2 protein chains.
Amino acid sequence: MATPVKQPPAADRVYTHVKQGVLDRRYEGGALLTEGELADAVGVSRTPVREALLRLEVEGLIRLYPKKGALVLPVSAQEIADVVETRLLVEEHAARKAVPAPPSLLERLAELLEKQKAQAAAGDFAAAAVSDRCFHAEIVRSGGNEILSRLYDQLRDRQLRMGVAVMHSHPDRIAKTLAEHEEILRALSAGDAEAAVGVVHRHVSWFSHLARGEVR
Amino acid sequence: MATPVKQPPAADRVYTHVKQGVLDRRYEGGALLTEGELADAVGVSRTPVREALLRLEVEGLIRLYPKKGALVLPVSAQEIADVVETRLLVEEHAARKAVPAPPSLLERLAELLEKQKAQAAAGDFAAAAVSDRCFHAEIVRSGGNEILSRLYDQLRDRQLRMGVAVMHSHPDRIAKTLAEHEEILRALSAGDAEAAVGVVHRHVSWFSHLARGEVR
DNA sequence: TGGCCACAGGATAGATACAACGCGTACGCA
DNA sequence: TGCGTACGCGTTGTATCTATCCTGTGGCCA
């Protein structure tokens, strides 16, 4: 048999294609995508394309203009501020709620932290970024609130568009991130909610300083 | 001319139809909707139905099962808890941020409160519920965070499914709601953030007591 | 009688065909 | 030359058709 693996659904392929394209700037902010283009690019019909675009609009990555096309939303200062503010709200809440932390959570966090360290040391920054993301998501998910967990995932996606390059280019920043993660883990282990919240606050709001005025 | 008005897009009609159906319990939780049924019911083809169902899934009202149909999600205790927790998080944050409140905000809130009072006095509980909702939404929107504003709207929609009847049936509760709104407005006017947060907390978490164990 | 397999029914997933709409352009008229 | 209108192209919106997949049912065999 030539292709024993079953292809993922066409709608998902389009979704991933566009999302990746938007996230890593292959599609510039302000670009106007049309269903036909995307259909050709991915090799499917327009129907699944419509589906994917609809999902992406809900996530706030694009905006659908009737009879015109899908506008790749440029990153605005407003959006950056909103994302950071919302992340702060969700993550601080999660950190506060994660105290006292169950051993299973602490264990998973320690594991993720080790993994990220190893990946950073090996120079695999992309993988490290994934681990970074998992670390935060794990804390949020430990709160057990599905609404907040889903929201948080979306926030991280949107944040990916805003200056990821900087994260990857500065080893200093990586080290600082790791140190802060360690600090968060320590605070959670110690059951010190306010300390954990404080570190999370620093950790997240650092980004807003960096992003200020860097709207491209 | 018979129908001079232009019909809204078919997808929107389906969306509204299903959403209303789910919200006012015409479609029971646990029911399995099929695209064909809905297409016939609204009088459009299945394509816009798909679109509408997709949007509703993102909002968390239904769950799409591949090759099976659209399950109207039953209200679970988990969902109630999540909605209330998230509302608390968002609304308390909004209340805190709304201090000091600009006069324009206070003005709009006072206006909405008066309107709701009049509607409640006139016995138009449905309209009063709409005003109630606007009151809260206005505070959240004043924060200027689009992500939180959109999230909040979704939360209110979902909460509509959980025991609205109770709200409408007890005039006592209406009176209490109005009193609490007045209290919130007073606290905001006075610039007392913590007082406002406290009232909001009471106001929102009242619902969780009511909903506990009342999962239908 | 119990379990397995084949088949049929119904649903979605995807492709394609058609209609309606909007926008820009170019032509015509004043 | 300037403005208004009409035409044409491109895009989305909707409908319909086909293929694929899942599920439940029925019969057959051990």
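Note: hydrogens, waters and symmetry copies are ignored here, and every other heavy atom, side chains too, is used. Quick note on labels: first sequence line is chain A, next is B, and so on, each numbered from 1. Bear in mind the structure is a predicted one, so any value in this text is a computation, not a measurement.
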Protein and nucleotides 6-9 of chain C: nitrogen or oxygen contacts under 3.5 angstrom:
none

Considering only heavy atoms, which members of residues 53-70 of chain B lie under 4.0 Å from some atom of DNA chain D?
B/K67
Just to verify, what does A/R55 make a salt bridge (Lys or Arg N to Asp or Glu O under 4.0 Å) with, not counting sequence neighbours?
A/D12
side-chain hydrogen bond (donor to acceptor under 3.5 Å, both in side chains) filter on A/H203, not counting sequence neighbours, yields A/H136, A/E180, A/H181
For the helix from C/dT1-D/dA30 to C/dA30-D/dT1, measure the angle between the helix axis at one end and the axis at the other, each built from five pairs, rounding to 10°.
0°
List the residues meeting side-chain hydrogen bond (donor to acceptor under 3.5 Å, both in side chains) with A/R26, not counting sequence neighbours, and say none if there are none.
none
Enumerate the residue pairs fulfilling salt bridge (charged side-chain N to carboxylate O under 4.0 Å, His left out) with a member in residues 63-83 of chain A, sequence neighbours excluded, ordered by first and then second residue.
A/E79-A/R158
Checking the side chain of A/R133 only, and the main-chain atoms of A/D153 only, is there a donor and an acceptor separated by less than 3.5 Å?
yes
Inter- and intrachain pairs under side-chain hydrogen bond (donor to acceptor under 3.5 Å, both in side chains), touching residues 38-47 of chain A, at least two apart:
A/E35-A/R46
side-chain contact (heavy atoms from CB on, under 4.5 Å) against B/A10, all qualifying residues, sequence neighbours excluded
B/V44, B/P48
Pairs of donor and acceptor atoms involving the side chains of residues 100-113 of chain B, under 3.5 Å and at least two apart or interchain, shall be tabulated with distances.
{"from": "B/R108", "atom 1": "NE", "to": "B/E138", "atom 2": "OE2", "distance (Å)": "2.5"}
{"from": "B/R108", "atom 1": "NH2", "to": "B/E138", "atom 2": "OE2", "distance (Å)": "3.1"}

For A/L89, all residues meeting side-chain contact (heavy atoms from CB on, under 4.5 Å), sequence neighbours excluded
B/L89, B/H93, B/L148
Near DNA chain C, which residues from residues 41-50 of chain A have a heavy atom under 4.0 Å away?
A/V44, A/S45, A/R46, A/T47, A/P48
